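Below you'll find the structure, written out as structure tokens, and then a few comments.
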Amino acid sequence: MLIHSRNDGFNHPVPSEITPRGAYENRRDMLKLLAGGAAGTALASWAARDAMAQTGGGLAKLPGAKSAVAGAQSMEKATEYKDATTYNNFYEFGTDKADPAKNAGTLKTRPWTVEVEGLVKKPGKYGIEDLIKLSAQEDRIYRLRCVEGWSMVIPWVGYSLAELIKKVEPQGNAKFVEFVTLADPKTMPFVGSRVLDWPYVEGLRMDEAMHPLTLLTFGMYGEVLPNQSGAPMRIVVPWKYGFKSGKSIVKIRFVEKEPSTAWNKAAANEYGFYSNVNPNVDHPRWSQATERRIGDGGGLFAKRRKTEMFNGYEAQVGQLYAGMDLKKNY
Ligand code: MTE
């Protein structure tokens, strides 16, 4: 996502991409065989659960129940934990994909408070432990598609952001939700660099924020989030490019006007407010028609997959954008 340089995501083969896929091969073959039938669905989600148990990072367990939300149970094989946690964008810790895993150990995730403010009837400071308990944790397997052209499949743990929004009771004139993430120069070595105007801010329209797929996320692979993935709490919006999914959130603000977001401020013609995954709208400097799945192997020569409209979640979210010109509202 660097503004003036080449597209980072296309050019870096990570060591983990050239290692054998190992344990996942069998599971994927089994999933292929089973895909289609009802028994297949049940077993596929069992297999994904099994994958989580085997690939976690040894952090505190965070079990979730299987989610009933439509679109929350992908049939695809999960990306290996080590790939999902060593190839990251978290610019507060550096701009190289390997930097967050190397540097985010300094992030202090307890105590952690999230401030809810703005046009809301119940503003206040919410401790992370209370937020974790606010609603039942669910397992959700989502595709994450980065604007740079790579993607992963991640088993997240969390609950619909809508659960929190309902509890804090937005006022009638609250039209957007703004997410402000931590910007602590003492623990985040790149805060202060001029890459972005810190803190990293993102936002959603109220109906997007209320959509059941929008996940307030506390864990992945059956454990709490590792720091580099946005501990202790992040958002995941699976039909939008990954940069809409802010990490390590400290403020949730309800506002009337469309919030000014970090990437939009940095390069408005490249990173729009909506940023729905759309293979028909190219980034000004590269095509968005295909993607490289991390873990597929082959490095630069990996076979690319076709990118799907709304990242494959069109049936669930397409109606949110009825009547909008998606070329203009990119
Ligand atoms: N959140 C913060 N606070 N800082 C960031 O640099 N990068 C975004 C998003 N959230 C980012 C962030 C981008 S560009 C992507 S693609 C996703 O996080 C990556 O999430 P992942 O590392 O879990 O794959």
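Order of listing sets the numbers, starting from 1, for every ligand and every atom in it. Just the heavy atoms: all of them, side chains too, but no hydrogens, waters or symmetry mates, feed the values below. The model shown is predicted, which means the values in this text are computed figures rather than measured ones.
When hydrogens are left out, the protein atom nearest atom 16 (S) of ligand 1 is Cys146 SG, 3.4 Å; that is the closest non-hydrogen contact. Counting only heavy atoms of the protein, atom 1 (N) of ligand 1 lies nearest to Lys247 N, 3.0 Å. Nearest non-hydrogen protein atom to atom 17 (C) of ligand 1 is Gly242 O, 3.5 Å. In terms of protein heavy atoms, atom 3 (N) of ligand 1 is closest to Glu92 OE2, 2.9 Å. Ranking the protein heavy atoms by distance from atom 6 (O) of ligand 1 puts Tyr91 N, 2.8 Å first.
Heavy atoms of Glu148 stay at 4.0 angstrom or farther from ligand 1. Using a 4.0 Å cutoff on heavy atoms, Ser245 counts as a contact of ligand 1.
For the residue pair Glu291 / Thr307, a side-chain donor-acceptor distance below 3.5 Å is found, with atom types taken as modelled.
Note: Trp286 and His283 have parallel aromatic rings, judged against thresholds of 30 and 60 degrees for the angle between ring planes.
At a 3.5 angstrom cut-off on N or O pairs, Trp263 does not count as close to ligand 1. Below 3.5 Å of separation, one finds an N or O of Asn89 facing an N or O of ligand 1.
For the pairing with Val114, the side-chain contact (heavy atoms from CB on, under 4.5 Å) check across Leu131, Leu164, Val180 returns one residue only, Leu131. Considering Arg143, Lys303, Arg304 in turn, Arg143 is the only one that fulfils the side-chain contact (heavy atoms from CB on, under 4.5 Å) rule with Arg293.
For residues 167-181, every residue pair satisfying the salt bridge (charged side-chain N to carboxylate O under 4.0 Å, His left out) rule, not counting sequence neighbours, is listed here: Lys122-Glu169, Glu178-Arg253.
Contact check on Glu308 versus Arg145 returns no salt bridge, with no Lys/Arg side-chain nitrogen under 4.0 Å from an Asp/Glu carboxylate oxygen.
Here Tyr200 has side-chain heavy atoms under 4.0 Å from ligand 1, and that is the only part of it that gets that close. Heavy atoms of Arg234 found under 4.0 angstrom from ligand 1 belong exclusively to the side chain.
Proximity of the aromatic rings of Tyr91 and Phe190 is defined here by a centroid distance below 6.0 angstrom, and this criterion is not met.
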Considering only distance and modelled atom types, tabulate donor-acceptor pairs under 3.5 Å from the side chains of residues 206-214, sequence neighbours left out.
from, atom 1, to, atom 2, distance (Å)
Asp207, OD1, Arg205, NE, 2.8
Asp207, OD1, Arg205, NH2, 3.4
Asp207, OD2, Arg205, NH2, 2.9
Glu208, OE1, Arg205, N, 2.9
Glu208, OE2, Lys240, NZ, 2.7
Glu208, OE2, Tyr321, OH, 2.5
His211, ND1, Leu213, N, 3.0
His211, NE2, Gln316, O, 3.0
Thr214, OG1, Glu208, O, 2.8

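Close approach to Thr181 involves these atoms of ligand 1, each under 4.0 Å from a residue heavy atom: 3 (N).
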